[in-house]
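The structure under discussion appears below in the form of structure tokens.
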Amino acid sequence: EPVDCFVGRSKMVSDLYQLMCHPQIRVVTVLGANQIGKTETVLKTLQYARQRPGATGNPIDGIYMVKANKTTELRELLRLVALACFGHSEGWDAAAAAGAGAVEAGELVERIVEQVCVAFTDREPVLFFDHVDEWATQKPAEFALLVTELCRRCKGMHLVLTSRVDVPGL
């Protein structure tokens, strides 16, 4: 039987869960060295949240994961957000294609944020961006714009990020 790598981390999971559920905390970043267990800690926390359906004080209403290390292109990251949130990216692909070419980052972000906000009206989902390291170091302004707009416009949404480095602008 494998040894549970989360021995002694129950307080960490509980603390992260409390942060994720706090109404005034919209973004939580889990920072740490490579291979230290950031993703697994978040996944365990989300599993813990799922085991508490309808519990008083459990506002989490859906969990959506974006593997941000799959790309450093904004269009592709936004497609991954659509895929995570909607289970497909057809609507996003069409919206992005309609503005193909030299579309400003702000306009692309506006398009996906609008779709996400409409889809999650009156809900309190967690959007989990895993491995945002390259975004934090290579394109921090674009990533900060996306996170800021999601928080500003999608009132019930909470975001959880994992990274080895601090994310500028957040």
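Note that the structure is predicted; figures quoted are calculated from it, not measured.
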* Asked: Does V81 reach the side chain of L83, with side-chain heavy atoms less than 4.5 Å apart?
  -> no
* **F120 ring center near Y64 ring center (under 6.0 Å)** => yes
* To do: Can you see which heavy atom on L80 is nearest to which on K67, and at what distance?
  => CD1-O, 3.8 Å
* Is any side-chain heavy atom of F143 less than 4.5 Å from a side-chain heavy atom of T72? -> no
* Structure fact -> Output for pair (D15 CG, S10 OG), nearest 0.5 Å, gives 9.5 Å
* Which heavy atom in G37 sits nearest to a heavy atom in R9, and how many Å separate them? -> O-NH1, 3.8 Å
* Side-chain heavy-atom pair T29, L159 within 4.5 angstrom cut-off -> no
* Structure fact -> In this structure, OG1 of T39 is separated from CG of D130 (nearest 0.5 Å) by 3.0 Å
* Shortest non-hydrogen contact from F128 toward T162 -> CE1-CG2, 3.5 Å
* Would you give the length of the straight line joining atom OG1 of T45 to atom CE of M12, rounded to the nearest 0.5 angstrom? => 9.0 Å
* Validation row: V160, L19 side chains within 4.5 angstrom (heavy atoms) -> no
* Roughly how far apart are C151 SG and H158 NE2, rounded to 0.5 Å? -> 9.0 Å
* Structure fact -> Scanning both residues in full, the closest heavy-atom pair of L145 with V109 reads CD2-CG2, 3.9 Å
* Does K38 reach the main-chain N or O of L31 with its side chain, forming a donor-acceptor pair under 3.5 Å? -> no
* Structure fact -> So the salt bridge (Lys or Arg N to Asp or Glu O under 4.0 Å) pairs with at least one residue in residues 133-146 (sequence neighbours excluded) are E73-K139, D133-R164
* Asked: Are Y48 and I25 linked, directly or through other ILVMFWY residues, by side chains that come within less than 4.5 angstrom of each other?
  -> yes
* Asked: Does R111 come within less than 4.0 Å of E107, counting only side-chain N to carboxylate O?
  -> yes
* Asked: Are L46 and I36 joined in one hydrophobic group, where the rule is that I, L, V, M, F, W and Y side chains link up if heavy atoms are under 4.5 Å apart?
  -> no
* Minimum side-chain heavy-atom gap L78-L146 below 4.5 Å -> yes
* To do: Mark yes when over 12 heavy atoms from residues, nucleotides or ligands other than N34 sit less than 6.0 Å from its CG; otherwise mark no.
  => yes
* Structure fact -> Smallest heavy-atom separation, A136 atom then D166 atom, equals CB-O, 3.7 Å
* Can any side-chain N or O of W135 pair as donor or acceptor with the backbone N or O of T71 at less than 3.5 Å? -> yes
* Can you find a pair of side-chain heavy atoms, one from V28 and one from L16, that are under 4.5 Å apart? -> yes
* Structure fact -> For residues 146-159, the salt bridge (Lys or Arg N to Asp or Glu O under 4.0 Å) pairs (sequence neighbours left out) are E110-R153, E114-R153, E149-R152
* **Side-chain touch R75/L108, heavy atoms, less than 4.5 angstrom** => yes
* Any salt bridge (Lys or Arg N to Asp or Glu O under 4.0 Å) pairs touching residues 23-32, not counting sequence neighbours? -> none
* Would a distance-only check, ignoring hydrogens and angles, find a side-chain to backbone donor-acceptor pair under 3.5 Å from H131 to S163? -> no
* To do: Measure the CE-SG distance between M157 and C117 for me, rounded to the nearest 0.5 Å.
  => 7.0 Å
* State, yes or no, whether a side-chain contact exists between L127 and M65 at a heavy-atom distance under 4.5 Å. => no
* Work out which heavy atom in Q138 is nearest to a heavy atom in P140; give both atom names and the distance. => C-CD, 3.4 Å
